[in-house]
**Student:** 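Just passing along the structure, written as C-alpha cells.
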Amino acid sequence: MNEQKTDRGVLLIGMGNREHGDSGLGWTFVDMINSLGYDFLDFEYREQMFVEDAKLISHYDIVIGVDASNQKSNDGFEMSRCFAANHGF
C-alpha cells in the first residue's frame, strides 16, 4: 500500500487483476494517470474492495474507483457518485 501523501486529498483506486483473467482496466488506468506525474493524487491497486479499506478511504475528501463493467454504456464509461449509508449491518 502506498503511503498517504496528504491528509485530505484525492485517492484513485484501480480495481481488477490482469493476472487472474480480468481485463485489468482499473490497474491500467491508474498506471496511465500515475505516469502523468500528478502530485495531488494518491494511487492504490486492489483486486476488490474489502471492509478494511474503509479506514484508508476515510482519510480522503475524494475517492475515485475505476473498474471494468459488463454493462453497456453509450459514452464508453460511467461515473456516478456514491454516498455512505446511514445504517449499520
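The shown structure was predicted, so the numbers you read here are calculated from the model rather than taken from an experiment.
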**Student:** Could you state the interatomic distance from CD1 (I57) to CE (M49), rounded to the nearest 0.5 Å?
**Tutor:** 5.0 Å

**Student:** Out of D61, L56, I64, which one pairs with L11 under the side chain to side chain contact (heavy atoms under 4.5 Å, CB included) rule?
**Tutor:** L56

**Student:** Using the rule that Ile, Leu, Val, Met, Phe, Trp and Tyr join whenever any side-chain heavy atoms are under 4.5 Å apart, tell me whether V66 and F40 fall into a single cluster.
**Tutor:** yes

**Student:** What I'd like to find out is whether the side chain of Y45 reaches to under 4.5 Å of the side chain of D31, using heavy atoms alone.
**Tutor:** yes

**Student:** Does M32 CE have over 12 foreign heavy atoms under 6.0 Å away?
**Tutor:** yes

**Student:** Determine whether V63 and F50 fall in the same hydrophobic cluster, where Ile, Leu, Val, Met, Phe, Trp and Tyr are linked whenever their side-chain heavy atoms lie under 4.5 Å apart.
**Tutor:** no

**Student:** To the nearest 0.5 Å, how far apart are CZ in R81 and CD1 in I62?
**Tutor:** 9.0 Å

**Student:** How many angstroms lie between CH2 in W27 and CZ in R46, if you round to the nearest 0.5 Å?
**Tutor:** 10.5 Å

**Student:** For a 4.5 angstrom cut-off between non-hydrogen side-chain atoms, does F29 reach M15?
**Tutor:** no

